[in-house]
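Within every chain, numbering begins at 1; the chains are lettered A, B, ... in the order of the sequence lines, protein sequences first and strands thereafter. Remember, it's a predicted structure, so these values are computed and weren't measured experimentally.
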Number of protein chains: 2
Amino acid sequence: MAGTEHRPISRGRVAKREAILEAAMRVFAQDGYPAAGIDRIATLAGVSKPTVYNHFDDKESLFRTVMRDGARRSATKITSAFDTRFGAADDPAGRPDIAEQLAEVAFLVLDCQLSDEGWTLQRLLYAEAARMPDLYDEVVGLGGVPVRNALAGWLARLANRGLLEIEDPEVAASQFMALIAGDLPAMSALGTRPISRSALVAAVDGGVRTFLRAFAPRRRSRAVQVRPPATSAGPSTVG
Amino acid sequence: MAGTEHRPISRGRVAKREAILEAAMRVFAQDGYPAAGIDRIATLAGVSKPTVYNHFDDKESLFRTVMRDGARRSATKITSAFDTRFGAADDPAGRPDIAEQLAEVAFLVLDCQLSDEGWTLQRLLYAEAARMPDLYDEVVGLGGVPVRNALAGWLARLANRGLLEIEDPEVAASQFMALIAGDLPAMSALGTRPISRSALVAAVDGGVRTFLRAFAPRRRSRAVQVRPPATSAGPSTVG
DNA sequence: AGAAAACTACACCAGAGGGTTTAGTTTTCG
DNA sequence: CGAAAACTAAACCCTCTGGTGTAGTTTTCT
């Protein structure tokens with residue numbers, strides 16, 4: 001019925017496929033899955049409608065591919081950035097301040113999660129989760145799980161160095177993400193309106209502060225000051 | 001253009017209106033706003049299609065009413081339960097254990113937020129937020145804000161009694177809700193599959209524990225043990 | 001009782017959207 | 001070059017759906 005590649009030989013025209021996928025992402029983002037029209041997708045992609053059906057079995061297959069690709073792209077984007085900055089070779093003890101590192105990680109995660117594509121994926125996933133439960137599982141497995149695992153591993157290393165007091169790194173990772181996200185979804189109206197950089201900084205600051213109050217070693221807790229890393233360019237929803 | 005009551009005199013037939021709204025909620029929940037059909041809503045409500053249009057201007061007006069009513073109902077349900085249990089007349093210092101109180105509040109909030117109606121509202125809101133930003137604001141103002149305010153007020157009272165160390169009750173309330181919700185949305189696939197009661201208890205337990213580690217007074221922190229209150233009947237997604 | 005309002009069943013319209021077909025053109029590759 | 005594959009434009013089919021009109025029936029209020 002539906003293999004990932006239903007055309008046995010797909011030579012040459014990869015560019016069209018990419019164009020279709022990108023246009024589909026945009027139209028789905030704007031109109032939602034049910035209201036999105038193949039005609040509009042085809043037009044936006046600069047392609048005729050039958051060509052769309054030449055690349056994808058049907059509308060749902062196209063949608064699933066868009067979601068899968070997006071989740072994969074988001075996850076690799078964030079995990080790779082995470083690895084180059086806080087990879088296993090990195091020694092957390094050599095860093096100046098834990099709060100600063102946590103804040104940097106927070107901005108790393110949020111810059112991806114709060115990007116246009118991240119929001120779009122979340123909204124579409126929410127909208128269709130009830131009708132496509134398997135797609136939900138797939139996207140979470142591709143997008144959410146790897147990120148949390150990377151974060152949990154890093155937190156565990158911090159804990160091993162005695163820089164944090166963490167019992168269950170998985171739980172701590174979830175809670176860290178929950179804390180730094182906080183009210184941002186509500187404030188940005190699920191990504192449909194821009195959020196000020198200062199609000200973002202405040203959210204991260206508050207989340208990191210609370211996280212440290214909970215997980216810092218019990219001795220003296222020094223004051224926490226957070227500032228956004230200059231390296232991370234803000235996504236378009238974060239002006 | 002569109003008043004809340006476009007029929008100047010609406011006598012008598014309130015039952016039909018209720019039936020339509022309830023049927024609409026169900027059909028919207030199942031099919032999503034764009035794919036839902038007025039015909040199906042009318043049939044499910046035991047009403048003819050023109051009657052639907054006699055009560056509501058158009059499909060979007062019906063949808064907005066459904067969302068507004070749902071948000072209001074959810075909010076009053078939770079705030080009233082909260083007030084009767086932890087109202088301003090209540091003296092938090094007279095209670096046995098703060099962890100237990102926090103857990104009780106957590107179950108109160110989650111039982112509402114994770115109910116079928118709560119999930120439905122969230123999914124529909126997510127799905128249409130991009131197309132109806134004003135509806136988003138309205139629903140958040142009706143549903144989310146009052147709950148957070150009630151929670152923040154209660155936390156502030158706890159802090160005044162010296163039972164918690166909280167700088168900003170609003171932030172603490174947000175973080176509390178974020179912590180106790182945690183992975184539950186992902187685990188229940190946004191409410192589309194049941195969640196075990198033990199998982200719910202574990203989530204609340206972890207959230208409350210971390211919250212207390214962050215906000216309990218700095219002196220000795222006694223061990224935290226959480227158990228669900230027997231009074232709160234689990235919603236259907238929480239078996 | 002009687003009038004007004006609400007409701008019902010049913011037919012109807014117009015538009016849109018998924019998906020296919022046809023016939024002809026361009027690209028690719030051996 | 002020449003054939004296979006991919007692409008295009010356009011028309012087409014079919015179903016669904018939002019929304020309306022008509023004509024007759026029930027409810028409700030005075």
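Listed by first and then second residue, the salt bridge (charged side-chain N to carboxylate O under 4.0 Å, His left out) pairs that reach into residues 35-47 of chain B are B:D31-B:R40, B:D39-B:K49, sequence neighbours excluded.
Salt bridge annotation for A:R64-A:D57: absent, with no cationic side-chain nitrogen under 4.0 angstrom from a carboxylate oxygen.
Not counting sequence neighbours, B:K77 has no partner by the salt bridge (charged side-chain N to carboxylate O under 4.0 Å, His left out) test. Shown here are the side-chain contact (heavy atoms from CB on, under 4.5 Å) partners of A:L125, two or more places apart in sequence or in another chain: A:M67, A:Y136, A:V139.
Atom OH of residue B:Y126 and atom CG of residue B:L190 lie 8.5 Å apart, to the nearest 0.5 angstrom.
Taking the ring centre of B:Y33 as origin, the terminal cationic atom of B:K59 falls inside the region bounded by 6.0 Å and 45° from the ring axis.
A rotation axis mapping the C1' atoms of four pairs onto the next four is fitted at both ends of the helix from C:dA1-D:dT30 to C:dG30-D:dC1 over five pairs, and the angle between these axes is 30° to 10 degrees.
Considering only heavy atoms from C-beta on, A:T192 comes within 4.5 Å of A:R123 through its side chain.
Contact annotation: A:T51 reaches the phosphate of D:dT8 (side-chain N/O to OP1 or OP2, under 4.0 Å). Contact annotation: A:H55 reaches the phosphate of D:dC7 (side-chain N/O to OP1 or OP2, under 4.0 Å). In this model, the phosphate group of D:dT28 is not approached by any side-chain N or O of B:K16 to a distance below 4.0 Å at OP1 or OP2.
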With a cut-off of 3.5 Å and sequence neighbours excluded, list every side-chain donor-acceptor pair involving residues 169-176 of chain B.
residue, atom, partner, partner atom, Å
B:E170, OE1, B:R148, NH2, 2.6
B:S174, OG, A:D183, OD1, 3.4
B:S174, OG, A:D183, OD2, 2.6
B:S174, OG, B:R148, NH1, 3.1
B:S174, OG, B:E170, O, 3.4
B:Q175, OE1, A:T210, OG1, 2.5
B:Q175, NE2, A:G206, O, 3.1
B:Q175, NE2, A:T210, OG1, 3.2

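A:N54 places its CG atom 11 Å from the P atom of C:dT20, with the value rounded to the nearest Å. A:I41 has its CD1 atom 11 Å from the P atom of C:dG19, to the nearest Å.
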Where along nucleotides 9-24 of chain D does protein come under 4.0 Å, by heavy atom, of base (B) or sugar-phosphate alone (S), with - for untouched nucleotides? BB------SBB-B---
